[in-house]
Amino acid sequence: MTAAQAATLVQQFEQCSLPKEAWTHEAHFIMAFWYCMQHPVCKATEMISEGIKKYNLSVGGSNTDTSGYHETITLFYSSTVCNYIICNRINSINDDSIKALLAQSFIKKDYLNHFYTKEQIDSVSARKHWEKP
């Protein structure tokens with residue numbers, strides 16, 4: 001994905017015009033990377049959380065005890081992306097920084113399993129509130 005494509009993705013996400021099939025696992029990370037690069041951590045995290053909730057509703061989804069927005073997963077990965085940016089001293093969004101982000105081990109779908117059990121992640125409590133690993 002290029003920086004121009006990432007900008008379009010984020011713009012469509014914010015406008016709730018991103019096609020549902022484009023809201024992929026990688027798209028979540030691109031959006032989080034964009035916000036963490038553009039805003040202070042607390043603001044970025046808030047924008048990520050609220051944006052996901054809004055987007056889910058816009059595509060006919062819901063944010064319930066069993067589907068949609070998941071607080072623990074969102075905060076875990078938002079902090080992982082922010083930490084990656086800080087530790088690697090990334091200071092711009094460009095084709096290379098996006099390529100490097102998407103090559104990280106934390107992008108793999110099973111990464112979360114190194115920190116949480118399936119039961120913990122599947123719990124209503126983790127979906128609604130931050131649960132530490």
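As the structure is a prediction and not an experimental result, all values here were calculated from the model. Worth knowing before you read on, the calculation uses all heavy atoms, side chains too, and leaves out hydrogens, waters and symmetry mates.
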| said: With a 4.5 Å cut-off on side-chain heavy atoms, are Ile30 and Leu102 touching? | reply: yes
| About how many Å separate CE of Met1 and CZ of Phe29, when rounded to the nearest 0.5 Å? | 13.0 Å
| query | How many angstroms lie between CG in Leu101 and NZ in Lys99, if you round to the nearest 0.5 Å? | reply | 13.0 Å
| query | With the 4.5 Å side-chain cut-off for hydrophobic clustering, are Val59 and Leu57 part of the same group? | reply | no
| request: Would you check if the side chain of Asn88 reaches a backbone N or O of Tyr84 as a donor-acceptor pair within less than 3.5 Å? | output: yes
| request: Report yes if some heavy atom in the side chain of Ser125 is under 4.5 Å from a heavy atom in the side chain of Ser123; otherwise report no. | output: yes
| Tell me, do His70 and Ile121 make a side-chain contact under 4.5 Å, heavy atoms counted? | yes
| Within the distance-only criterion (no hydrogens, no angle test), does the side chain of Arg127 pair as donor or acceptor with the backbone N or O of Gly68 below 3.5 angstrom? | yes
| said: Could you tell me if the side chain of Lys53 sits less than 4.5 Å from the side chain of Tyr55, heavy atoms only? | reply: no
| Ile93 reachable from Ile86 in the ILVMFWY side-chain graph, under 4.5 Å edges | no
| field | Sequence neighbours excluded, every pair satisfying side-chain hydrogen bond (donor to acceptor under 3.5 Å, both in side chains) that has a member inside residues 15-39 | value | Glu14-Tyr35, Trp23-His28
| message | Please check this pair: side chain of Asn56 against backbone of Ser62, looking for a donor-acceptor N/O pair closer than 3.5 Å. | response | no
| message | To the nearest 0.5 Å, what is the distance between OH on Tyr69 and OG1 on Thr74? | response | 4.0 Å
| request: State, with a plain yes or no, whether a side-chain heavy atom of Cys36 is found less than 4.5 Å away from one of Ile48. | output: yes
| query | For Asp95 and Ala3, which heavy atoms make the closest approach, and how far apart are they? | reply | OD1-N, 2.7 Å
| Considering only heavy atoms from C-beta outward, does the side chain of Glu46 approach that of Ser49 to under 4.5 Å? | no
| Ser92 versus Ser97, closest heavy-atom pair with distance | O-OG, 3.0 Å
| message | Can you give me the closest heavy-atom contact between Thr72 and Ala126, atom names plus distance? | response | OG1-O, 2.7 Å
Under 3.5 Å, which donor-acceptor pairs do the side chains of residues 103-116 form with other protein atoms, sequence neighbours left out?
from: Gln104; atom 1: NE2; to: Ala100; atom 2: O; distance (Å): 2.9
from: Tyr116; atom 1: OH; to: Glu131; atom 2: O; distance (Å): 2.6

| Is it true that Lys128 and Asp65 make a salt bridge, defined as a side-chain N closer than 4.0 Å to a carboxylate O? | yes
| field | Closest non-hydrogen atom pair, Leu18 against Ala22 | value | CD1-CB, 3.7 Å
| Does Ser67 reach the main-chain N or O of Asn63 with its side chain, forming a donor-acceptor pair under 3.5 Å? | no
| task | Supply the atom-to-atom distance Tyr77 OH to Thr45 OG1, rounded to the nearest 0.5 angstrom. | result | 15.5 Å
| field | Sub-4.5 Å side-chain heavy-atom contact between Thr2 and Asn94 | value | no
| message | I'd like to know if the side chain of Gln11 pairs up with that of Thr8 as donor and acceptor (distance under 3.5 Å, no hydrogens or angles considered). | response | no
| In the single-linkage hydrophobic clustering (I, L, V, M, F, W, Y; side-chain heavy atoms under 4.5 Å), do Ile90 and Val41 co-cluster? | no
